[in-house]
Peer 1: 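Below is a structure I'd like to ask you about.
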There are 2 protein chains.
Amino acid sequence: MARISFLSDANGDLRRIGSAIRERRKAIGLSQEALADAAGIDRAHAGKIERGERNVTILNILRIASALGCRPSDLLMDSGL
Amino acid sequence: MARISFLSDANGDLRRIGSAIRERRKAIGLSQEALADAAGIDRAHAGKIERGERNVTILNILRIASALGCRPSDLLMDSGL
DNA sequence: GTGTGACTTTAAGTCCGTC
DNA sequence: GGACGGACTTAAAGTCACA
């Protein structure tokens, strides 16, 4: 049976975005806490975002991208979105 | 005095994203209501997102992009983000 | 066909802590 | 350094009526 790739998979999308954030964070050698501080968000919240447990708002995506030194669209493209 | 473009401008960012959505919606000849229906969100809510009055979540960005037939990252790049 | 205000429900986001 | 939890506050989602 063919893979049904166009159906939405909200949890998977959130996990993919979280993974993209995590990979870029590690690539530049930041801890979750350092990233959270740089982005101005809570440490526990940053962890939940990376694990795909939060439907993060666009403003926090912008803040996180800024803290990572990349464009918000880069994070989505890393995630295949 | 030089333009200080790197300072965050949350309201402006939300307006830019809303404008990007509106432009793509009009380009394919959809009404707000038709877009909202296709994205599975409320018409009034869609209007507020287009006007930059909502800090929209990433999942709704994904739904809107899908309804517009573009990638979520396209919307951000249209917005210069 | 859209803007807007008032509203309820849901979840984002914070802050404390422990493992 | 990060996962995870509880209790809490804030804000977005979502709905509706009306201009």
Side-chain angles (χ1 to χ4, degrees), chain A residues 7-70 72-73 75-76 78-79 81, chain B residues 8-69 72-73 75-76 78-79 81:
Chain A
L7 285 180
S8 76
D9 171 18
N11 287 344
D13 291 337
L14 295 181
R15 279 202 307 272
R16 276 185 281 279
I17 292 166
S19 296
I21 292 170
R22 174 163 297 182
E23 283 177 28
R24 281 190 182 263
R25 173 177 66 77
K26 296 205 163 185
I28 59 177
L30 285 182
S31 68
Q32 271 188 2
E33 184 161 26
L35 172 61
D37 287 348
I41 65 180
D42 188 73
R43 167 181 67 78
H45 192 223
K48 288 169 187 172
I49 291 171
E50 284 194 356
R51 277 173 262 132
E53 296 172 7
R54 281 291 185 275
N55 179 13
V56 59
T57 58
I58 193 66
L59 247 28
N60 275 342
I61 290 284
L62 301 188
R63 294 187 189 111
I64 289 168
S66 174
L68 290 172
C70 70
S73 46
L75 291 177
L76 291 181
D78 288 357
S79 316
L81 299 171
Chain B
S8 76
D9 171 18
N11 286 344
D13 290 337
L14 294 181
R15 280 201 306 275
R16 277 185 281 278
I17 292 165
S19 295
I21 292 169
R22 176 162 294 182
E23 284 176 28
R24 281 190 182 262
R25 172 175 66 79
K26 295 203 164 184
I28 59 176
L30 286 182
S31 67
Q32 271 188 3
E33 185 161 24
L35 171 61
D37 286 349
I41 65 181
D42 189 74
R43 174 185 70 76
H45 193 221
K48 287 166 190 172
I49 291 170
E50 282 194 357
R51 276 172 264 128
E53 295 172 8
R54 282 287 188 276
N55 178 14
V56 59
T57 58
I58 193 66
L59 247 27
N60 274 343
I61 292 283
L62 300 189
R63 293 186 189 111
I64 290 168
S66 173
L68 290 171
S73 47
L75 292 176
L76 291 181
D78 288 357
S79 316
L81 298 172

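Model, not experiment: these values are computed from the prediction. A note on names: the letters A, B, ... follow the listed sequences, proteins ahead of strands, and every chain is numbered from 1.
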Peer 1: In a check of side chain to side chain contact (heavy atoms under 4.5 Å, CB included) between B:I41 and each of B:L35, B:V56, B:I49, which one passes?
Peer 2: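 Per the side chain to side chain contact (heavy atoms under 4.5 Å, CB included) rule, the option paired with B:I41 is B:I49, out of B:L35, B:V56, B:I49.
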Peer 1: Can you tell me how far P of C:dC15 sits from CG of A:D37, to the nearest Å?
Peer 2: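 Rounded to whole Å, this separation is 11 Å.
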Peer 1: State which of D:dG14, C:dG13, C:dG1 makes the closest approach to the side chain of B:N60.
Peer 2: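 Among D:dG14, C:dG13, C:dG1, the one nearest the side chain of B:N60 is D:dG14.
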Peer 1: Nearest to the side chain of B:R54, which nucleotide is it out of C:dT2, C:dC15, D:dG14?
Peer 2: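 Closest of the options to the side chain of B:R54: D:dG14.
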Peer 1: Could you please name the option among D:dA12, D:dC4, C:dT14 that lies closest to any side-chain atom of A:T57?
Peer 2: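 Nearest nucleotide to the side chain: D:dA12.
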Peer 1: What is the distance, to the nearest angstrom, from the CG atom on A:L59 to the P atom on D:dA13?
Peer 2: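 Rounded to the whole Å, the gap is 11 Å.
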Peer 1: Return the nucleotide paired to C:dA6: Watson-Crick means purine N1 to pyrimidine N3 with N6-O4 or O6-N4, wobble means G-U with N1-O2 and O6-N3, both under 3.5 Å.
Peer 2: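 Base-paired to D:dT15.
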Peer 1: Counting heavy atoms from C-beta on, name the nucleotide in C:dG13, D:dG1, C:dT2 closest to the side chain of A:S31.
Peer 2: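 Selected nucleotide: D:dG1.
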Peer 1: From C-beta outward on B:Q32, which listed nucleotide comes closest to its side chain: C:dG3, C:dT4, D:dA13?
Peer 2: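 The listed nucleotide nearest to B:Q32's side chain is C:dG3.
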Peer 1: I need the single residue from A:L75, A:L14, A:T57 that forms a side chain to side chain contact (heavy atoms under 4.5 Å, CB included) with B:I58. Which is it?
Peer 2: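 With B:I58 as partner, A:L75, A:L14, A:T57 yield a single side chain to side chain contact (heavy atoms under 4.5 Å, CB included), made by A:L14.
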Peer 1: Please report, rounded to the nearest Å, how far the P atom of C:dG1 is from the CD atom of B:E50.
Peer 2: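 After rounding, the reported distance stands at 14 Å.
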Peer 1: Return no unless some side-chain N or O of A:R51 is found under 4.0 Å from OP1 or OP2 of D:dC4.
Peer 2: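 Answer is yes, contact under 4.0 Å.
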Peer 1: Over how many whole Å does the gap from B:R22 atom CZ to C:dT2 atom P extend?
Peer 2: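 So the two atoms are 8 Å apart, to the nearest Å.
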Peer 1: Taking the minimum atom-to-atom distance to the side chain of A:R43, which one of C:dT2, D:dC4, D:dA12 wins?
Peer 2: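 Shortest atom-to-atom distance from the side chain points to D:dC4.
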Peer 1: Counting only N and O atoms by type, is there a donor-acceptor contact under 3.5 Å from the side chain of A:R15 to the main-chain atoms of A:G52?
Peer 2: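 No; judged by distance alone, with no hydrogens or angles, the pair does not exist.
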Peer 1: Can you tell me if B:R25 touches the phosphate of C:dG1, counting only side-chain N or O atoms and a distance under 4.0 Å to OP1 or OP2?
Peer 2: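 No, no such contact exists.
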Peer 1: Base, sugar-phosphate or nothing for B:E53? Non-hydrogen atoms, less than 4.0 Å.
Peer 2: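 Counting heavy atoms under 4.0 Å across all strands, the contact made by B:E53 is with sugar-phosphate only.
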Peer 1: For B:H45 and D:dT15, what is the distance between atoms NE2 and P respectively, to the nearest whole Å?
Peer 2: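 After rounding, the reported distance stands at 10 Å.
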Peer 1: Between B:N60 and B:R54, is there a side-chain heavy-atom distance shorter than 4.5 Å?
Peer 2: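 They are not in contact (no side-chain heavy atoms under 4.5 Å apart), so the answer is no.
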Peer 1: Between B:N55 and B:E33, name the one whose nearest nucleotide on DNA chain C is closer to the 5' end.
Peer 2: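 Result: B:E33.
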Peer 1: Measure from the side chain of B:K48, starting at C-beta and using heavy atoms only, and say which of C:dT4, D:dG2, C:dG1 lies closest.
Peer 2: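 The nucleotide sitting nearest to the side chain is C:dT4.
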Peer 1: For the pair A:D78 (side chain) and A:A20 (backbone), establish whether a donor and an acceptor sit closer than 3.5 Å, ignoring hydrogens and angles.
Peer 2: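 Judged by distance alone, no pair lies under 3.5 Å.
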Peer 1: Can you tell me if B:S66 uses its side chain to pair, donor with acceptor, with the backbone of B:L62 under 3.5 Å?
Peer 2: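 Not confirmed, B:S66 side chain does not pair with B:L62 backbone.
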Peer 1: Ignoring the backbone of B:A44, work out which of D:dA12, D:dT15, C:dT2 is nearest its side chain.
Peer 2: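 Nucleotide nearest to B:A44's side chain: D:dT15.
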Peer 1: Contact class for A:D42 (heavy atom, under 4.0 Å): base, sugar-phosphate, or nothing?
Peer 2: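 Base contact.
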Peer 1: Nearest-Å distance, CD1 (A:I58) to C1' (C:dA12)?
Peer 2: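 One finds 15 Å between C1' of C:dA12 and CD1 of A:I58, rounded.
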Peer 1: To the nearest Å, give me how far apart CG (A:L14) and P (C:dG13) are.
Peer 2: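 Going from A:L14 (CG) to C:dG13 (P), I get 12 Å.
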Peer 1: Taking CD1 from A:I49 and P from C:dA11, how many angstroms apart are they, rounded to a whole number?
Peer 2: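 So the CD1-P distance, A:I49 to C:dA11, works out to 16 Å.
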